[in-house]
Amino acid sequence: MKSKEFRVVVLISGNGSNLQAIIDQVKAQQLPVVISAVLSNKADAYGIQRAKAANIDTITINNQEFTSRDAFDAAMQQEIDKYQPDLIVLAGFMRILSDDFVNHYLGRMINIHPSLLPDYRGLNVHQRVLNDSKTVHGVSVHYVTPELDHGPVFLQSQVPVKPNDDADTLAKRVQQEEHKIYPLAIKWIAEKRLDYNHGNLLLDGKPLHSPQFLHKVMTESDRQSGSH
Ligand code: NHR
Ligand code: GAR
């Protein structure tokens, strides 16, 4: 018996390289989902071309044509719900979402954020990491809750910050990890390995008290304490 398809709607605002990573994994039959639609708040987002090239339905809703966030979010919700998605994936989506929208999809919406949450919430993350002379940076996947970048984190990956990095070279290194962990995060959910239960996460039936890591960077203090 063939199990029911797992439908995903991806929300973007720009380049869509994370969208592309997801498309590629689906095409390679490594990710058991159907991408039902891609929604952008910007008509000229390159990710819309990526979706069209992959024969995926596209929706563009210009937030600037709405007088309030609530009205924009309601318009998005109406379009998204036509697809009856199992999961909403924010992939470089740059508009803060209202409580009503978030609560409608609570436990069914995830985001990828380019920092090791709870560190560096918000925008302009890579420059802030450099300004603080950090040596380790990374990326997080979390469920979306009304409070910005505060939902439960379940998967992270670290990258080193190198001495000559600028915000662009650091962002590129982080994005290479994003393209690995976001398809994996979606796979866990589609395969029902990961479950969101009233704000608490279960992985393989066991409470997930701290995020899983794909890669960790070995720091000087790890070396000195002789850990592997
Ligand atoms: N909405 C809620 N309620 N909760 C979250 O956790 C959200 C969210 C919406 C987007 C992604 C996020 C990120 O990963 C995200 C998480 C945009 C802004 C922002 O300040 C902040 C965080 C995130 C995305 N946006 C400006 C705004 O006024 C506009 C910036 C722009 O258009 O370029 O919406 O970091
Ligand atoms: C990614 O680095 C993602 O983590 C970040 O935007 C980039 C989108 O790239 N997200 C945010 O900053 C959310 N505020 P992409 O369009 O190529 O996937």
*Take F93 and L97 through the side chain to side chain contact (heavy atoms under 4.5 Å, CB included) test and state the conclusion after the steps.*
CA-CA 10 Å; F93 183 72; L97 297 164; 3.7 Å; yes
*Just by distance, with hydrogens left out, do Y143 and N111 show a side-chain donor and acceptor under 3.5 Å apart?*
no
*Considering all heavy atoms of both residues, which atom of R108 and which atom of D86 are nearest to each other, and what is their separation?*
CB-O, 3.8 Å
*Heavy-atom closest contact (P152 atom, T145 atom, distance)*: CD-CG2, 4.0 Å
_Common cluster, V144/L184, ILVMFWY with side-chain heavy-atom separation under 4.5 Å_ = yes
_Student check: side-chain heavy atoms of K180 and L214 closer than 4.5 Å_ = yes
*CG of N63 to CD1 of I96: how many Å apart, nearest 0.5 Å?*
11.5 Å
*Tell me whether I186 is reachable from Y105 by hopping between hydrophobic residues (I, L, V, M, F, W, Y) whose side-chain heavy atoms are closer than 4.5 Å.*
yes
*What side chain to side chain donor-acceptor pair (under 3.5 Å) pairs are there with at least one residue in residues 151-173, not counting sequence neighbours?*
S140-Q156, S157-E177, D165-T169, D165-R173, D166-T169
_F72 side chain near N62 side chain, heavy-atom distance below 4.5 Å_ = no
*Answer yes or no: is there a side-chain heavy-atom contact under 4.5 Å between I59 and V38?*
no
*Student check: side-chain heavy atoms of D81 and H104 closer than 4.5 Å*: yes
*Find out whether V125 and H137 are in side-chain contact, i.e. whether some heavy atom of one side chain is under 4.5 Å from a heavy atom of the other.*
yes
_Ignoring hydrogens, what is the shortest heavy-atom contact between K82 and E79? Give both atom names and the distance._
NZ-OE2, 3.1 Å
*State, to 0.1 Å, how close A43 and T60 come at their nearest heavy-atom pair, and which atoms those are.*
CA-CG2, 3.9 Å
*Sub-4.5 Å side-chain heavy-atom contact between L106 and N103*: yes
*Look at the side chain of R7 and the backbone N and O of Y83, then say whether any donor-acceptor pair between them is shorter than 3.5 Å.*
yes
*Connected via hydrophobic side-chain network under 4.5 Å: L87 and I80*: yes
Kindly list each side-chain donor-acceptor pair under 3.5 angstrom involving residues 25-37, sequence neighbours excluded, with atom names and distances?
unit_1 : atom_1 : unit_2 : atom_2 : d
Q30    : NE2    : A28    : O      : 3.3

*According to a 4.5 Å side-chain heavy-atom criterion applied to Ile, Leu, Val, Met, Phe, Trp and Tyr, with indirect links allowed, do V153 and V139 form part of one hydrophobic cluster?*
no
*Nearest 0.5 Å, what's the CZ-CG distance between R69 and D99?*
11.5 Å
*Out of curiosity, Q77 CD to L39 CG, how far, rounded to the nearest 0.5 Å?*
12.0 Å
_Beyond-backbone contact of I181 with V141, side-chain heavy atoms, under 4.5 angstrom_ = yes
*Judged by modelled atom types alone, do H142 and H113 share a side-chain donor-acceptor pair under 3.5 Å?*
no
*Show your working on side chain to side chain contact (heavy atoms under 4.5 Å, CB included) between N131 and V129 and close with a plain yes or no.*
CA-CA 6 Å; N131 294 350; V129 166; over 6 Å; no
_For a quick test of reading the model, state the closest non-hydrogen atom pair linking F154 to I110 and the distance between them._
CE2-CG2, 4.1 Å
*Okay, side chain of S115, backbone of Y120: is any donor-acceptor separation there less than 3.5 Å?*
yes
Acceptor/donor pairs from residues 10-23 side chains to any protein atom, 3.5 angstrom cut, sequence neighbours excluded:
unit_1 : atom_1 : unit_2 : atom_2 : d
S13    : OG     : N41    : OD1    : 2.6
S13    : OG     : M94    : N      : 2.9
N15    : OD1    : R50    : NH2    : 2.7
S17    : OG     : Q175   : OE1    : 3.3
S17    : OG     : H179   : NE2    : 2.8
N18    : ND2    : E178   : OE1    : 2.7
Q20    : OE1    : R50    : NH1    : 3.3
Q20    : NE2    : D24    : OD1    : 3.0

*Give a yes or no on whether a salt bridge exists between D73 and R95, defined as a side-chain N under 4.0 angstrom from a carboxylate O.*
no
*Hey, does L148 have a side-chain heavy atom less than 4.5 Å from the side chain of R121?*
no
_Looking at T219 and D222, would you say the former's side chain and the latter's main chain have a donor-acceptor pair under 3.5 Å?_
yes
Side chains of residues 196-210: which donor-acceptor pairs under 3.5 Å do they make with residues two or more places apart or in other chains?
unit_1 : atom_1 : unit_2 : atom_2 : d
D204   : OD1    : R193   : NE     : 2.9
D204   : OD2    : R193   : NH2    : 2.7

*Verify same cluster id: I61, V89 (apolar side-chain graph, 4.5 Å)*: yes
*Considering residues at least two apart in sequence or located in another chain, which fulfil the side chain to side chain contact (heavy atoms under 4.5 Å, CB included) criterion with A74?*
none
*Who are the side chain to side chain contact (heavy atoms under 4.5 Å, CB included) partners of Q49, not counting sequence neighbours?*
Y46
